[in-house]
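Side chains are part of it too, since the values below use all heavy atoms of this structure and drop only hydrogens, waters and symmetry mates.
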Amino acid sequence: MKTESRRDQFQPPSLLGKLLRKLHIDIPLFICLLLTAILSFVILYSAGSQELDLLRRQLARIGLAFLLMTVLAHINPNQFKRYSAVLFGSGILLLIAVLIMGQIGKGAQRWLDLGFFRFQPAEMIKITTPMMIAWYLSEYAMPPKVKQLLIAGFLIIIPTLLIAKQPDLGTAILVASSGAGVLFFAGLSWRFIVAIIAALASLAPIIWHFMREYQRARVITFLNPEADPLGRGYHIIQSKIAIGSGGIYGKGWLGSTQSELEFLPESSTDFIFAVFAEEFGLFGCVGLLILYLLIIGRCLYIATQAQNTYNRLLASSLAFTFFVYVFVNIGMVIGILPVVGVPLPLISYGGTSIVTLLAGFGILMSIHTHRKSLPI
Amino acid sequence: MSRSAFSVKDDLVENRLFLNRIFAASVLIVLLSVGLIVRLIYLQIVGHEHYALLAKENGIKIVPLVPTRGIIYDRHGKVLAENTPSYSLELIPEKIPNLDDTLRKLQKLLNISDEKIEIYQKQRKRQKYFNSTPLLIGMTQEELAKFAVVRPFFPGVDIHTRLVRNYPYADLASHVVGYVSRINEAELKELPIAEYRGSTHIGKIGIEGSYETELHGKTGYAEIETNVQARPLNTLNEVNPLQGANLYLTLDIDLQKMAYDALDIYNGAVVAIDIKTGGVLVFVSRPGFDPNPFVVGIASSAYQALQTSESQPLYNRALRGLYPPGSTIKPFIALAGLEYGVISHQQKLFCPGYYQLPNATHRYRDWKKGGHGSVAMDEAITQSCDVYFYRLASAIGIDHIHDFLQQFGFGEKTGIDLEGEKAGLLPSRDWKRNQRNQAWYPGETLITGIGQGYHQVTPLQLAKATATLASRGKVVHPHLVKNMENVSNDGALPDNNQVIIPVKPANLETIIAGMINVVHSARGTAKGINRDIDYQIAGKTGTAQVFNIKQNAKYNENEIEFKLRDHALFVSFAPANDPKIAVAVVVEHGGHGGSVAAPIAGQIIKKYLKAEYEN
């Protein structure tokens with residue numbers, strides 16, 4: 001790692017290097033993302049019963065996401081820092097607006113209809129929460145003091161509760177972990193971490209009390225899927241059958257029988273990993289996991305190369321949240337975590353999650369490509 | 001940024017701390033990823049054979065075991081809704097080579113409507129694989145024979161026997177019992193999917209709708225081992241369904257029939273309540289409709305006919321019909337007058353046949369031209385003197401009238417166990433200001449005193465208020481289900497708390513005496529029904545105006561078009577001293593309450609009490 005950065009400093013950049021610098025694109029990250037996107041089309045074609053219309057819509061969404069990523073990569077990270085609080089605050093206001101509209105409309109409401117397109121404030125919060133916490137903590141010396149931790153904790157809990165109330169448990173978990181990630185990378189002491197985990201464990205009964213009926217049912221089903229094989233346990237039983245029957249080498253592309261026969265529900269959205277595992281087997285699964293780890297590794301590397309506290313905290317937290325995404329989705333599909341609505345990042349069909357994810361990578365690229373060439 | 005100037009930042013220490021954390025996070029990420037891989041190895045290598053077996057050659061099919069819907073009985077155990085076996089034509093799409101072609105051929109062969117094909121297509125999509133979905137329910141012998149001949153040419157199509165809901169009393173009780181019908185898409189979104197896998201029908205209205213959970217029961221399931229062709233080989237595990245609860249209603253179907261027939265050529269509603277329990281004995285809305293076609297899927301032309309019919313058979317008049325209470329409100333107004341102390345029961349008011357507000361020219365007329373002369377309260381009730389009540393209402397004031405009547409349930413839903421009940425309208429100064437943004441006029445208080453104007457009631461509300469008056473102020477809560485048999489889920493009958501309206505017993509007896517005279521005195525407006533009984537009936541007639549007659553014009557029943565004739569109302573209870581039954585009757589365009597509505601109530605009361613005394 002050291003040699004590479006030294007080369008950056010002393011060798012005159014090549015023409016290609018200059019061009020890339022101008023584009024503000026991080027090539028290793030970009031290649032990994034592109035590979036994942038291509039993989040997404042391959043799996044979706046199979047999981048979505050070879051419907052081209054589905055692919056077309058996904059293509060439009062991914063195209064838009066890549067565009068947004070490139071645009072964000074061009075913005076100087078200092079600008080992100082400057083507007084962190086404003087973006088976070090307006091995100092919270094939008095969340096409240098959505099909740100109020102939901103109250104009026106009676107029922108779950110996550111969307112804000114702007115006429116020409118529908119916008120999900122919870123998605124924006126996934127990025128602005130770590131921005132806000134990183135901005136707040138970067139004003140102080142690391143590791144943060146107790147008072148700062150309390151304020152940061154408060155700032156994380158607000159959006160988390162607002163989203164959990166929508167109710168969208170999956171997104172709430174992602175937002176909470178993106179904020180918690182910043183605290184962790186800021187150097188939250190291990191003693192604190194143990195204390196928080198203990199406190200959360202003792203809070204579990206209280207959280208249980210506030211959960212919606214269907215959320216409780218999901219937890220119960222997770223603990224004992226056979227209890228309701230016709231209804232809620234059905235997803236997990238079927239996805240285990242699909243994954244297990246894939247074996248080491250899988251049944252080959254378009255060879256999944258379970259999703260073809262629609263034994264497997266939500267096969268192109270949250271449960272797409274089951275289709276992938278059935279078709280590409282253990283090898284494919286490990287391969288996909290490695291691809292994800294490469295992305296995460298590159299992001300963590302970018303974080304280590306960042307030149308100020310804000311950039312470091314934001315970059316590392318975004319990398320960490322991406323892993324939480326992967327872990328929670330695969331974990332629920334293979335039956336080691338309860339079913340919460342979290343898509344497989346960059347691969348699941350639909351949702352604005354792809355746009356948000358690539359926006360996050362855009363910020364990472366911006367952080368990496370706007371470094372001053374000489375270390376101060 | 002100014003804050004950072006005060007805190008000392010040590011870049012070197014911070015950088016080390018940060019790199020430490022990146023390292024820790026990397027270790028965590030790798031460990032968790034290894035955890036995922038271990039689980040995948042467990043599923044895909046260790047469990048592979050097991051899961052491959054489940055997935056491929058010998059799939060395990062989970063089939064729902066549908067509970068039998070509970071039966072609905074009347075209070076004497078007569079069946080109001082039952083399940084009868086019927087033949088249905090069912091398809092398993094996965095076994096059919098070309099579904100569209102097959103459907104087309106079947107449609108031609110058995111003359112199936114496009115609508116039914118469409119319903120089938122919708123139902124098919126929500127079924128799990130290799131489950132059979134009905135296309136035709138209730139096949140005739142002819143259809144059975146036609147299909148039997150060509151059956152070998154239709155793989156995957158078969159005749160099944162299914163239990164189909166049947167309503168033996170058809171239109172007689174349709175507005176109480178309601179009906180079941182195919183589950184539609186809007187309902188699908190709301191329903192607990194697991195509970196309704198395999199169920200094709202759901203209670204829509206009436207008791208079938210409001211007690212859906214109890215009647216439906218709990219779906220069970222069986223895990224069946226199947227071969228490649230999805231033929232069942234072996235049942236591995238079975239969880240039996242819990243059958244739906246049987247419901248016993250408080251309704252008396254014989255009384256119901258009597259009331260329905262008694263309405264004869266008229267549209268209207270009759271509600272009778274057992275005063276002691278609040279159980280509804282009669283709940284008639286005429287015309288009714290035959291609910292049976294709705295079960296198998298009513299043809300759109302037939303449905304259209306029901307919807308556009310001028311007599312509105314689908315409209316539940318007893319539950320949702322809004323009528324001015326007319327003179328049936330007078331006993332309540334009189335009681336309010338006594339309670340608020342604005343009048344004593346001996347005080348006489350003079351009725352010249354009309355009433356004028358001070359400084360106004362408009363004449364509020366009495367129904368009796370020339371007037372009733374000088375009348376006290378009991379005579380005013382017996383003869384239904386309008387002028388007396390104009391003056392009384394004016395003295396009480398609209399706000400007190402509103403508050404007093406509200407205690408009897410006017411302007412509020414009765415809370416009966418049927419969905420879609422209307423609350424009616426009990427006007428007040430506040431209501432008019434808020435809803436219409438207008439001031440309340442004194443004249444409006446006058447006509448409220450005789451049950452005209454804004455006040456609107458449902459027949460059910462009238463019956464409830466009458467029953468509450470009869471039980472001397474103990475609020476009666478009308479309900480239809482008496483008890484449930486083998487309830488599998490958490491179904492429970494509503495538990496009503498005891499409310500007693502604070503009124504002086506002497507005042508109540510004064511009012512009731514007036515109501516007894518309505519039936520038993522020579523000048524009573526309903527004296528026609530007092531024969532052949534050894535107890536007393538208390539009642540009050542009412543006439544609700546459908547349209548306004550001009551000043552100085554005369555209302556002549558024979559000259560007026562039927563549609564514009566007044567509604568006839570009658571409320572009553574008996575025996576007056578120990579009330580057992582309260583009856584409210586509304587006869588649309590029936591003219592006079594005394595001549596059309598009262599005899600219907602009389603018939604019901606006599607039959608019910610005769611049976612009661614024989615027991």
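In this structure, Gln44(B) contributes its side chain and Ser245(A) its backbone to no donor-acceptor pair below 3.5 Å. Remark: side-chain polar atoms of Arg312(A) are not paired, donor with acceptor, to backbone N or O of Phe18(B) under 3.5 angstrom.
Of the two parts of Ala277(A), the backbone and the side chain both hold a non-hydrogen atom closer than 4.5 Å to a non-hydrogen atom of chain B. Of the two parts of Phe320(A), only the side chain, counted from C-beta on, holds a non-hydrogen atom closer than 4.5 Å to a non-hydrogen atom of chain B. Contact annotation for Leu289(A): only side-chain heavy atoms (C-beta onward) come within less than 4.5 Å of a heavy atom of chain B. Contacts between Leu293(A) and chain B at a heavy-atom distance below 4.5 Å involve the side chain alone, from C-beta outward.
Within a 6.0 Å radius of CD in Glu49(B), other residues, nucleotides and ligands contribute 12 heavy atoms or fewer. Atom CZ of Phe154(B) has more than 12 heavy atoms from other residues, nucleotides or ligands within 6.0 Å.
Evaluation of the side chain to side chain donor-acceptor pair (under 3.5 Å) rule for Thr36(A) yields no partner, not counting sequence neighbours.
By number of non-hydrogen pairs under 4.5 angstrom with chain B, the leading residue of Ala186(A), Gly331(A), Gly281(A) is Gly281(A).
Smallest separation of non-hydrogen atoms from Met142(A) and Glu14(B): N-OE2, 2.9 Å.
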For residues 19-34 of chain B, which side-chain N or O atoms pair as donor and acceptor with protein atoms under 3.5 Å away, sequence neighbours left out?
residue	atom	partner	partner atom	Å
Arg21(B)	NH1	Phe184(A)	O	2.7
Arg21(B)	NH1	Leu188(A)	O	2.7
Arg21(B)	NH2	Leu188(A)	O	2.7
Ser26(B)	OG	Ile22(B)	O	2.7
Ser33(B)	OG	Ile29(B)	O	2.7

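In this structure, the separation between NZ on Lys240(A) and OH on Tyr42(B) is 7.5 Å, given to the nearest 0.5 Å. To the nearest 0.5 Å, atom CD1 of residue Ile248(A) and atom NE2 of residue His48(B) are 8.0 Å apart.
Each of Leu36(B), Leu40(B), Leu43(B), Ile37(B) was scored for a side chain to side chain contact (heavy atoms under 4.5 Å, CB included) with Cys285(A), with one residue passing: Leu40(B).
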